[in-house]
Amino acid sequence: PDGGVGAVSCVTINRDNYPWTSFTMKNADCLVIYEMLLGDWTERGDLAGAMEHLDYLKTLGVNAVELMPIQEFDGEKSWGYNPNHYFALDKAYGTRKQYKDFIEACHQRGIAVIIDVVYNHSTGDSPLAKLYWNSSSSKTSSNNPYFFVDAMHPFNVFHDINHSNTFVQQVVKRSLVYLIEEYNVDGFRFDLSKGFTWSSSGWDGTDNNRINLIKDYASAIRQADPDSYIILE
C-alpha cells in the first residue's frame with residue numbers, strides 16, 4: 001500500500017486445510033534433481049508458468065525439483081540468497097495457494113520438491129536484525145544476540161547469523177517444520193552449511209558445535225517427516 005515502509009502483510013485466520021493427496025516417493029534412493037529458479041525458468045517467471053512445464057521435466061526423467069530459495073527475500077528479482085523472513089514464501093512467484101498447487105502438481109507426477117534454504121545469513125530487512133541495529137555502521141549492533149557484527153568466516157554475505165543462540169535455533173527449526181507441515185515439502189538443501197559456526201577457526205577445520213547443531217536441525221526435520229531429504233552444501 002501507499003506509504004508502507006518495509007514488509008507489509010495481511011493475515012488470514014481460520015484458513016481451510018489444503019486437500020493434499022498422498023505422495024510416496026518412488027526410487028527414493030536415486031534422485032534425479034532439477035534445480036529451478038522460478039523467476040527465469042519460464043517466460044512468466046512464476047509458479048503458474050512453471051506448472052505448465054512439469055510434464056516436460058517428467059519426460060527428462062526428473063524425480064525431484066530443487067527450488068532455489070523461495071523464502072521472502074529483498075526485492076522482486078533475485079536468486080533468493082538474500083532472505084529476510086523465514087515464515088513467508090516470496091510474493092514474487094505467487095500466492096500461498098499457488099505454492100501449494102505447484103507442490104501438489106509435482107507430487108501427482110511423482111516429483112519430490114526440495115527447498116533450498118538460507119540460514120547462514122539474512123539481510124538488514126530481517127526483523128531480528130532491525131531489533132538491534134547500528135545505523136551509523138549499517139551493521140547489526142554489538143548487543144544483537146541473533147547476529148555477529150562481523151562474519152565468522154570468509155564467505156559470508158549480508159549479516160552472519162549466530163547459530164549459538166538458542167532463539168536462533170528455535171527459529172530455524174520452527175521454520176523447517178513449518179515448511180513441511182504447511183507446504184508438504186519433501187526435503188531441504190542447506191545453503192553454505194559450513195558457515196553455521198560461531199568460531200573463526202571453525203571454518204577451516206572440524207567444528208563439533210556445527211556438527212551437533214546440524215544434527216539437531218536434522219532431528220527436528222526427521223520428527224516432522226522421517227523420509228525428508230537433507231542436503232548440505
Side-chain angles (χ1 to χ4, degrees), residues 7-12 14-28 30-119 172 174-191 221 224-231 233:
V8 180
S9 178
C10 296
V11 178
T12 303
N14 298 326
R15 291 190 302 269
D16 293 335
N17 291 327
Y18 190 87
W20 299 106
T21 58
S22 60
F23 172 67
T24 301
M25 182 67 178
K26 296 181 180 179
N27 300 323
C30 184
L31 291 181
V32 180
I33 302 174
Y34 193 101
E35 184 179 20
M36 182 185 297
L37 174 58
L38 286 167
D40 74 355
W41 193 60
T42 65
E43 185 176 356
R44 292 187 53 161
D46 59 13
L47 289 155
M51 285 181 63
E52 295 173 356
H53 298 281
L54 290 181
D55 289 334
Y56 163 70
L57 293 183
K58 189 70 176 176
T59 65
L60 297 179
V62 169
N63 65 358
V65 168
E66 179 191 307
L67 294 178
M68 291 176 68
I70 56 175
Q71 290 165 305
E72 184 70 26
F73 50 75
D74 291 8
E76 295 296 318
K77 297 289 184 181
S78 174
W79 283 6
Y81 296 101
N82 54 336
N84 55 55
H85 285 71
Y86 291 118
F87 291 88
L89 301 190
D90 201 273
K91 58 194 175 298
Y93 301 140
T95 65
R96 175 192 297 266
K97 183 178 183 300
Q98 286 174 321
Y99 277 102
K100 295 180 178 181
D101 288 343
F102 173 83
I103 294 169
E104 174 67 13
C106 287
H107 287 172
Q108 290 180 1
R109 290 165 174 78
I111 298 174
V113 179
I114 299 169
I115 305 297
D116 194 344
V117 288
V118 185
Y119 294 114
V172 172
R174 287 181 61 189
S175 64
L176 290 166
V177 172
Y178 173 75
L179 288 169
I180 294 172
E181 294 180 347
E182 182 70 19
Y183 290 97
N184 207 22
V185 304
D186 304 293
F188 303 96
R189 179 264 190 188
F190 284 86
D191 179 65
I221 293 170
D225 178 8
D227 298 320
S228 186
Y229 298 103
I230 300 173
I231 302 170
E233 181 191 22

Quiz item: Is the CH2 atom of W20 crowded by more than 12 outside heavy atoms at less than 6.0 Å?
Solution: yes
Practice problem: Would you list the pairs meeting salt bridge (Lys or Arg N to Asp or Glu O under 4.0 Å) in which at least one residue belongs to residues 82-91, sequence neighbours left out? | Solution: E72-K91, E76-K91
Quiz item: Heavy-atom distance under 4.5 Å between the side chains of L67 and V185, does that happen here?
Solution: no
Practice problem: Would you check, one step at a time, whether the test ring-ring contact (aromatic ring centres under 6.0 Å, His included) holds for Y178 with Y86? | Solution: CA-CA 10 Å; Y178 173 75; Y86 291 118; over 10 Å; no
Quiz item: Can L37 and Y93 be said to form a side-chain contact (heavy atoms from CB on, under 4.5 Å), step by step?
Solution: CA-CA 10 Å; L37 174 58; Y93 301 140; 3.7 Å; yes
Quiz item: Do the non-hydrogen side-chain atoms of R44 and E52 ever get within less than 4.5 Å of each other?
Solution: yes
Self-check item: Spacing of Y18 atom OH and K97 atom NZ [to the nearest 0.5 Å]
Solution: 5.0 Å
Quiz item: Could you state the interatomic distance from NE2 (H85) to CG (D74), rounded to the nearest 0.5 Å?
Solution: 10.0 Å
Quiz item: Below 4.5 Å, heavy atoms only, C-beta onward: do Q98 and M51 meet side chain to side chain?
Solution: no
Quiz item: Say you draw a straight line from CE of M36 to CZ of F102; how long is it, rounded to the nearest 0.5 Å?
Solution: 4.5 Å
Self-check item: Exercise: identify the closest heavy-atom pair between Y119 and Q71
Solution: OH-NE2, 3.4 Å
Exercise. Might you point out which heavy atoms bring I111 and V62 nearest each other, and give the distance in Å?
Key: CG1-O, 3.8 Å
Quiz item: Going from CG on D227 to CZ on F23, what distance comes out if it is rounded to the nearest 0.5 angstrom?
Solution: 10.5 Å
Quiz item: Can you tell me how far the CD atom of E35 sits from the CE atom of M68, to the nearest 0.5 Å?
Solution: 5.0 Å
Quiz item: Which pair of heavy atoms, one from A50 and one from L38, lies closest together, and at what distance?
Solution: CB-CD2, 3.7 Å
Quiz item: Taking the side chain as C-beta and beyond, is there a heavy-atom pair between I230 and F190 under 4.5 Å?
Solution: yes
Quiz item: Taking everything shown except R174 itself, do over 12 heavy atoms lie less than 6.0 Å from its CZ?
Solution: no
Quiz item: For the residue pair S78 and G80, what are the closest heavy atoms and their distance?
Solution: OG-N, 2.8 Å
Practice problem: Taking all non-hydrogen atoms of both residues into account, name the closest pair between I180 and A224 and its distance. | Solution: CD1-CB, 3.9 Å
Quiz item: Roughly how far, to the nearest 0.5 Å, is the NE2 atom of H107 from the NZ atom of K100?
Solution: 13.0 Å
Quiz item: Hey, are the side chains of D101 and L47 touching, using non-hydrogen atoms and a 4.5 Å cut-off?
Solution: no
Quiz prompt | Polar side-chain atom of N63 near backbone of L31 as donor-acceptor pair, under 3.5 Å | solution = no
Quiz item: Less than 4.5 Å apart, any side-chain heavy atom of R109 and any of L57?
Solution: no
Exercise. Look at the rings of Y183 and Y99 and say which category their plane angle falls in: under 30° parallel, 30 to 60° tilted, over 60° perpendicular.
Key: perpendicular
Quiz item: If we only count heavy atoms from C-beta on, is the D186 to M25 side-chain gap below 4.5 Å?
Solution: no
Quiz item: Looking only at heavy atoms, which two atoms of I114 and A64 are closest? And how far apart?
Solution: CD1-CB, 4.3 Å
Quiz item: Less than 4.5 Å apart, any side-chain heavy atom of L179 and any of L89?
Solution: yes
